[in-house]
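Inspection log for the structure reproduced underneath, given as structure tokens.
Just the heavy atoms: all of them, side chains too, but no hydrogens, waters or symmetry mates, feed the values below.
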Amino acid sequence: MHRLLPLLLAASVLGQEAEPEPDPGATRLDDTNREAVERVRKTFADEGKSIRTQLRGLKKQDVIVVGGLFDFVQEILAAYGQPCTVVAPAELEYVALDEPERKLFLFNCHLVDRHFHGSVPKPAAVSDEEAERRLEAVLKEAGLEGDGAPGKAIRERFGEVKHFAGSDYSKAGLKRVGEAVKAGAWAFSSDWALLVWEQALPGTLRWTGHHTFEETVEVKPALAGRRHALLTGVFPAGKARWWLETESYLFAARGRHTLLVESGQLAARYGGNKGVVVLLEPGKGRVLHALSHTYLQRGSAEDASVMQRLLLNYMIEKSLQNHERDWARRQEEEKSGR
């Protein structure tokens, strides 16, 4: 069936004029991530594929970005022209999750309190002064009081991240996410967001109790990832470099999962744990979790393009799945209308 999906998608847009490519310069991307966008676009062009066309199955309401202070995946989406719905962690109790099988959650790295409240009030608007106070308190707790990365990047984006400062996940909100994934929703997360899955999907992903220093390590496809569709175009040279933040959380996966990317250097430096990217398949849904951030705040454009291509591959698969579902629904409606 997957071989038919590109044909189905192409058939749905015949006769439509090609849309202009979004301008990554119009977003807040830094030079490194902007250059990575151009690199990734070139890989798709070399493969004769259109990113915009392949993402047509994802509507704004389908893509739910859970905001955080330490990652900015929404900026990467904007650079590729993908609309999304951004919510604060506390809003997961209240966001609409109808048709969960269509949803794609993208979790930004956020300072997570492992002692989750059972429920949290729906977030109310606060003044900029109060938001700034909360933000500085969080940065202090994270040891980011100075002007280095990522503290500097966070302060520069105050207008966008102020709604997330002091916003906590709740057990009720994470239970909704876990139930949505089991029902068919997909999710992409990085670093500290793995604590979300300890609560939302117990027995799938856990923190080992160890974390990294800030450094860059060499990574490559794991045995199960060498021919996996999600790694198409990710490692054109067979390996790549991967930036680790101070206190990136090492993880262990259980249950039904596939290790896609690994690092021998990571294993040598941190007690044998080599996992960098893992695919979990609980129930009908999927969770793709990666060490470090989606929006790399250090490293080269080549490094950043690895993560961006991985994210796009995942989104495209979900887009095609949604398109296949819509096509099948239209066929049923046409049959029932005869």
Open item on the list: Could you work out, with ring pair (Phe, Tyr, Trp, His ring centres under 6.0 Å) as the rule, every residue matching Phe251, not counting sequence neighbours?
Closed with: His289
TODO: List in chain and number order the residues that pass ring pair (Phe, Tyr, Trp, His ring centres under 6.0 Å) with Phe105, two or more places apart in sequence or in another chain; answer none if no residue qualifies.
DONE: none
As an exercise, state the distance from [atom1] of [X] to [atom2] of [Y], rounded to the nearest 0.5 Å.
{"X": "Leu250", "Y": "Arg206", "atom1": "CG", "atom2": "CZ", "answer": "11.0 Å"}
{"X": "Lys220", "Y": "Ser263", "atom1": "NZ", "atom2": "OG", "answer": "9.0 Å"}
{"X": "Ile316", "Y": "Gln54", "atom1": "CD1", "atom2": "CD", "answer": "4.0 Å"}
{"X": "Leu205", "Y": "His257", "atom1": "CG", "atom2": "NE2", "answer": "9.5 Å"}
{"X": "Leu106", "Y": "Met315", "atom1": "CG", "atom2": "CE", "answer": "6.0 Å"}
{"X": "Thr53", "Y": "Phe44", "atom1": "OG1", "atom2": "CZ", "answer": "11.5 Å"}

Distance-only donor-acceptor hits, side chain of residues 94-104, under 3.5 Å, sequence neighbours excluded:
| unit_1 | atom_1 | unit_2 | atom_2 | d |
| --- | --- | --- | --- | --- |
| Tyr94 | OH | Val120 | O | 2.5 |
| Tyr94 | OH | Lys122 | N | 3.3 |
| Glu99 | OE2 | Arg329 | NH1 | 3.3 |
| Glu99 | OE2 | Arg329 | NH2 | 2.9 |
| Arg102 | NE | Asp62 | OD1 | 3.3 |
| Arg102 | NH1 | Asp326 | OD1 | 2.6 |
| Arg102 | NH1 | Asp326 | OD2 | 3.2 |
| Arg102 | NH2 | Asp62 | OD2 | 3.1 |
| Lys103 | NZ | Gln61 | O | 3.0 |

By side-chain contact (heavy atoms from CB on, under 4.5 Å) - contacts of [X] (at least two apart):
{"X": "Pro221", "value": "Arg226, Leu231, Phe235"}
{"X": "Arg241", "value": "Thr216, Glu218, Gln265, Asp303"}
{"X": "Asp46", "value": "Lys42"}
{"X": "Glu35", "value": "Arg39, Ala301"}

- [ ] For Glu47, enumerate each residue passing the salt bridge (charged side-chain N to carboxylate O under 4.0 Å, His left out) test, keeping only those at least two apart in sequence or located in another chain.
- [x] Lys49, Arg309
Task: With sequence neighbours excluded, residues passing salt bridge (charged side-chain N to carboxylate O under 4.0 Å, His left out) with Arg286 - done: Glu281, Glu317
Donor-acceptor pair, distance only, cut-off 3.5 Å: does the side chain of [X] make one with the backbone of [Y]?
{"X": "Trp192", "Y": "Glu247", "answer": "yes"}
{"X": "Tyr249", "Y": "Ala193", "answer": "no"}
{"X": "Ser319", "Y": "Gly57", "answer": "yes"}
{"X": "Ser248", "Y": "Asp191", "answer": "no"}

Please name the pair of heavy atoms, one in [X] and one in [Y], separated by the smallest distance, quoted to 0.1 Å.
{"X": "Leu279", "Y": "Tyr314", "result": "CD1-CE1, 4.2 Å"}
{"X": "Tyr80", "Y": "Ala36", "result": "OH-O, 4.2 Å"}
{"X": "Val65", "Y": "Val73", "result": "CG1-CG1, 3.6 Å"}
{"X": "Asn313", "Y": "Ala229", "result": "ND2-O, 4.1 Å"}
{"X": "Ala79", "Y": "Arg41", "result": "O-NH2, 3.0 Å"}
{"X": "Pro282", "Y": "Thr204", "result": "CB-CG2, 4.4 Å"}

Does [X] reach the side chain of [Y], with side-chain heavy atoms less than 4.5 Å apart?
{"X": "Lys59", "Y": "Asn322", "value": "no"}
{"X": "Val63", "Y": "Lys318", "value": "no"}
{"X": "Leu291", "Y": "Leu266", "value": "yes"}
{"X": "Val287", "Y": "Phe107", "value": "no"}
{"X": "Leu288", "Y": "Leu310", "value": "yes"}
{"X": "Asp168", "Y": "Ser170", "value": "no"}
{"X": "Leu312", "Y": "Gln82", "value": "no"}

- [ ] Report the C-alpha separation of His293 and Glu245 in whole Å, then their side-chain angles, then the decisive distance to 0.1 Å, and conclude whether the side chain to side chain contact (heavy atoms under 4.5 Å, CB included) test is met.
- [x] CA-CA 8 Å; His293 294 323; Glu245 191 199 5; 2.9 Å; yes
TODO: Please assess His210 against Tyr270 for the test side chain to side chain contact (heavy atoms under 4.5 Å, CB included), listing each intermediate value before the final yes or no.
DONE: CA-CA 8 Å; His210 300 286; Tyr270 299 102; 5.9 Å; no
Please identify each residue that fulfils side chain to side chain donor-acceptor pair (under 3.5 Å) with [X], with sequence neighbours left out.
{"X": "Ser292", "result": "none"}
{"X": "Trp197", "result": "Ser189"}
{"X": "Thr294", "result": "Asp71"}

Task: Basic-acidic side-chain contact under 4.0 Å: Glu179, Lys182 - done: no
Open item on the list: Set out, in order, the CA-CA distance, both residues' side-chain angles and the distance that settles side chain to side chain contact (heavy atoms under 4.5 Å, CB included) for Val37 and Leu29, then state yes or no.
Closed with: CA-CA 9 Å; Val37 170; Leu29 294 178; 3.7 Å; yes
TODO: Could you go through the side chain to side chain contact (heavy atoms under 4.5 Å, CB included) check for Ile76 and Met307 one step at a time?
DONE: CA-CA 11 Å; Ile76 296 175; Met307 182 66 91; over 6 Å; no
Open item on the list: Parallel, tilted or perpendicular, judged at 30° and 60°: which one describes the rings of Tyr295 and Phe72?
Closed with: perpendicular
